[in-house]
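Scope of the values below: all heavy atoms of this structure, side chains included, with no hydrogens, waters or symmetry mates.
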Amino acid sequence: VLNSVLLVIMMIALTFLSLYGSEFESISISGLNFNGNRSENALMMIEKFNGTAFVVTDCSFTNLSGDAIYILSSNNVSICRNVFKQCERYAVWSDNLSNGTVISDNVFERMGQRIIYGGVVNCQGDRFTISGNRFTDFPYAAIQLGNHYTSAPTNRCVGIAENNMIEYS
């Protein structure tokens, strides 16, 4: 019985937040610091959120092995004023069924070291905004808009990417 309990505790610790089909009107996560996750899983998995606002602000994500924030089939998710440093995979991934994703005023430093083809921020869907972010030292692309999933005529990749700064030190 003790081994089963330990296994459950270890599995829970692989992801900080896994949200599926939330009935909440809004959710706000602010001021948290995440350092050193060794899991391949996304630290935050937001799936089928349809409230008015899911907001992650003023957080730091450092030394993560998996993706930081993964958004699937969700509406009105905002990732603003955060710092992402030395994470091996995607900082933010928003799929082609998400709408109203906002990624603004974040700092991304030395990100995506294990991404073969893709951006530190990967955004698809409808009505996305990527603005005012700073990207420093990344291996492939800072921002990727769309992918092979959005190539079908029924999938959308419509939004704005503007006023982002890309630099190498």
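A donor-acceptor pair is defined here as one N or O able to donate and one able to accept, closer than 3.5 Å; such a pair exists between the side chain of S74 and the backbone of K48. Judged purely by atom type and a 3.5 angstrom limit, S78 has no side-chain atom pairing as donor or acceptor with the backbone of V102. In this structure a side-chain-to-backbone donor-acceptor pair under 3.5 Å is missing from D67 to N41. A donor-acceptor pair is defined here as one N or O able to donate and one able to accept, closer than 3.5 Å; no such pair exists between the side chain of T136 and the backbone of E109. The backbone N or O of C59 sits less than 3.5 Å from a side-chain atom of N82, completing a donor-acceptor pair. N122 places no side-chain N or O within donor-acceptor distance of the main-chain N or O of L145, the cut-off being under 3.5 Å. Between the side chain of S30 and the main chain of D58, no donor-acceptor pair closer than 3.5 Å is present. In this structure, the side chain of N133 engages the main chain of N106 through a donor-acceptor pair within 3.5 Å.
Annotation: the span from R134 atom CZ to I166 atom CD1 amounts to 12.5 Å, rounded to 0.5 Å. From I130, atom CD1 reaches atom CD1 of I103 across 5.0 Å, with rounding to the nearest 0.5 Å. Separating the CD1 atom in I143 from the CZ atom in F135 is a distance of 4.0 Å, to the nearest 0.5 Å. Rounded to the nearest 0.5 Å, atoms OG (S98) and CG (N76) are 10.0 Å apart. Note that NZ of K85 is 10.5 Å distant from CG of N35, once rounded to the nearest 0.5 Å. Taking OG of S18 as the reference point, atom CE of M44 lies at 12.0 Å (rounded to 0.5 Å).
When side chains are defined from C-beta on, L64 does not count as touching Q86, because their heavy atoms never get closer than 4.5 Å. At a threshold of 4.5 Å between non-hydrogen side-chain atoms, the residues C87 and N63 do not count as touching.
No more than 12 heavy-atom neighbours from other residues, nucleotides or ligands sit within 6.0 angstrom of CD on E23.
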>> side chain to side chain contact (heavy atoms under 4.5 Å, CB included), that's the test. Do Y20 and M45 meet it? Break it down for me.
In response: CA-CA 8 Å; Y20 182 85; M45 175 75 76; over 6 Å; no
> When you look at S94 and Y70, which way does the side chain to side chain contact (heavy atoms under 4.5 Å, CB included) test go after all the steps?
Replying inline: CA-CA 6 Å; S94 181; Y70 211 82; over 6 Å; no
>> Determine whether F84 and V92 satisfy the following criterion, side chain to side chain contact (heavy atoms under 4.5 Å, CB included), listing intermediate values before the conclusion.
In response: CA-CA 10 Å; F84 298 82; V92 182; 4.2 Å; yes
> Where do D137 and S169 land on the side chain to side chain donor-acceptor pair (under 3.5 Å) test, with the steps shown first?
Replying inline: CA-CA 7 Å; D137 298 336; S169 60; 2.5 Å; yes
>> What verdict does the side chain to side chain contact (heavy atoms under 4.5 Å, CB included) test give for I29 and F54, after you've listed the backbone C-alpha separation in whole Å, the side-chain angles of each residue and the deciding distance to 0.1 Å?
In response: CA-CA 8 Å; I29 297 173; F54 188 108; 4.0 Å; yes
> Can you list the steps and then say if R81 with D105 is a salt bridge (Lys or Arg N to Asp or Glu O under 4.0 Å)?
Replying inline: CA-CA 5 Å; R81 298 188 321 266; D105 303 312; over 6 Å; no
> Could you go step by step and tell me if F49 and F24 meet the ring pair (Phe, Tyr, Trp, His ring centres under 6.0 Å) rule?
Replying inline: CA-CA 8 Å; F49 175 79; F24 290 108; 8.3 Å; no
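Residues I27 and I79 share a single hydrophobic cluster, defined by chaining ILVMFWY side chains whose heavy atoms lie under 4.5 Å apart. Tracing side-chain contacts under 4.5 Å through hydrophobic residues (I, L, V, M, F, W, Y), one reaches V120 starting from Y168; they form part of the same cluster.
Here the options are L43, I46, V77, the test is side-chain contact (heavy atoms from CB on, under 4.5 Å), and the partner is I69; only I46 passes.
Across A68 and A91, no two heavy atoms sit closer than the pair CB-O, 3.2 Å.
Using the six-membered ring where Trp is involved, F61 and F34 have ring planes that are parallel, under 30° apart on the 30 and 60° scheme.
Side-chain atoms of S131 and N163 form no donor-acceptor pair, as typed in the model, at a separation below 3.5 Å.
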